[in-house]
**Q** 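Here it is, the structure in full.
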Number of protein chains: 2
Amino acid sequence: MRAMAGAAPSEPRLRADARRNSEQIRSAAIGAFQGQGLTVPLEKVAQAAGVSKATIFNRFGGRIGLIDAVIEEVVARELFAVIEHTRSVGAVERIAYYLTAIRDLQYRQPAFNDVLLQTYPHSRQLMEICRVGSEANEEFIAAARASGALRPEFTAGDLHALVLDNALALKHGTRPPRDDYDRRTMYLLDGIRGRSAASGGR
Amino acid sequence: MRAMAGAAPSEPRLRADARRNSEQIRSAAIGAFQGQGLTVPLEKVAQAAGVSKATIFNRFGGRIGLIDAVIEEVVARELFAVIEHTRSVGAVERIAYYLTAIRDLQYRQPAFNDVLLQTYPHSRQLMEICRVGSEANEEFIAAARASGALRPEFTAGDLHALVLDNALALKHGTRPPRDDYDRRTMYLLDGIRGRSAASGGR
DNA sequence: TCGTAATTTGACTCGCTTGGTCAGTTTACC
DNA sequence: GGTAAACTGACCAAGCGAGTCAAATTACGA
């Protein structure tokens, strides 16, 4: 590693071309990560940015640096919004809303699954996102159990496993049509609901 | 490929050492496949059999030939037994029994997941096993729906996806403790049951 | 308009693992 | 013992993307 450290380089005055390239790489990375996940070959990102792969190393120090520089826009923002919004949902439907929203994110954003699966454990940012996510899980599970919306034997670990399994399925398998996916989300919800809770429709 | 074709070589009179090695390789393969799945390095199988890797190629022509020679003992027998036995279960509990048994097989036999995932599509035997399995799926789904044990919108494709996702999770993830796994099987069952059907306990 | 240092880049190396091959040696069998 | 079958150690192939570097290019200040 030469001199890189964190996000958008700004410490030393960059030359104009370097600044321009940084920006192009950033936005190419956001697009590529969102479309194909965090494991997309850097070569492709470079191509989309109209620069050489080596330039990515010059500007960001490598994949980890690049991820740290854009992960906020790629997934963190959206995830935190989901968590935040979930808190405003009524206690009884909250856990169903949360799981549905998470699964939606997983379906739409391959990068989100890479975060969950901790594909790059060397990125602080990624680990931090995971941590926050785990805490949200526990928060919502506890609340849901208290409200009777969830069957009592269901643990935070169960939720975690549920989501991780889905991440693996989406990552290594063929993604199903959206309506099939959503229907299966319903089965899931019905399987974890407490007896007392009323279902949405069914 | 030199001269191999199918299962246990028997066409031309083999020399005594060759016959002995074939047998050792077969049983080593059964052990290795059951323990670590069909993707276990041939080197390891050879080591367990006390021969060189090249001997496996001499005797079986390669991984596919070896798989074809032992897949019966490794998974087919047990799978067919499950299917057969499922037919003798009462209509209402049948689908639950089937899914539970399949998931048990998936947990205990990594090789079974390799079959499901069609890791080696060049093996006729593997494909045949898949075909038979798919037919069983449809048979049981149809019966379950007819008996009201299954929610009506649940399709054979849903069952297939359910099982495949689990195969991917077990293959690429960390396998959970058995009791967690079984509990999650319960959630699953509760999520796909028809309204009328009574659950086992809960 | 230079001089210089920052920047870019094409072409490379590297790692890493397993399947598969082959020449040369050992072994079974008649 | 002679011969062909069988075994084996050592080797190659392949894929594939990360990361590196010397050489060329470019921005920028004087």
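In what follows, chains carry the letters A, B, and so on, assigned in the order in which the sequence lines appear, proteins first and then strands, with residues in each chain numbered from 1.
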**Q** Give me the residues of residues 44-52 of chain A where at least one heavy atom lies under 4.0 Å from an atom of DNA chain C, by number, or none.
**A** Val51(A), Ser52(A)
**Q** Select one nucleotide: of dT9(C), dT20(D), dC7(D), the one nearest the side-chain heavy atoms of Asn58(A).
**A** dT9(C)
**Q** Taking only residues two or more places apart in sequence, or in another chain, which ones meet Phe154(A) in a ring pair (Phe, Tyr, Trp, His ring centres under 6.0 Å)?
**A** Tyr187(B)
**Q** Listed by chain and number, what are the ring pair (Phe, Tyr, Trp, His ring centres under 6.0 Å) partners of His122(B), not counting sequence neighbours?
**A** none
**Q** Go through the structure and list residues passing side chain to side chain contact (heavy atoms under 4.5 Å, CB included) with Glu23(A), not counting sequence neighbours.
**A** Arg26(A)
**Q** Applying ring pair (Phe, Tyr, Trp, His ring centres under 6.0 Å), can you list everything that pairs with Phe112(A), at least two apart in sequence or on another chain?
**A** none
**Q** I'd like to check the side chain to side chain contact (heavy atoms under 4.5 Å, CB included) partners of Gln36(A); sequence neighbours left out, ordered by chain and number.
**A** Val40(A), Lys44(A)
**Q** Could you tell me which residues satisfy side chain to side chain contact (heavy atoms under 4.5 Å, CB included) with Arg178(B), sequence neighbours excluded, listed by chain and number?
**A** Asp104(B), Tyr107(B), Arg108(B), Tyr181(B), Asp182(B)
**Q** Please name all residues satisfying salt bridge (charged side-chain N to carboxylate O under 4.0 Å, His left out) with Glu138(B), sequence neighbours left out, ordered by chain then number.
**A** none
**Q** Could you pull out the protein-nucleic contacts involving nucleotides 14-18 of chain C (nitrogen or oxygen on both sides, under 3.5 Å)?
**A**
none

**Q** Under 3.5 Å, which protein N or O atoms sit close to an N or O of nucleotides 28-30 of chain D? Give each pair with its distance.
**A**
residue : atom : partner  : partner atom : Å
dC28(D) : OP1  : Ala16(A) : N            : 3.1

**Q** Who pairs with Glu128(A) by salt bridge (charged side-chain N to carboxylate O under 4.0 Å, His left out), at least two apart in sequence or on another chain?
**A** Arg131(A)
**Q** With sequence neighbours left out, write down each residue that passes ring pair (Phe, Tyr, Trp, His ring centres under 6.0 Å) with His160(B), or none if nothing qualifies.
**A** none
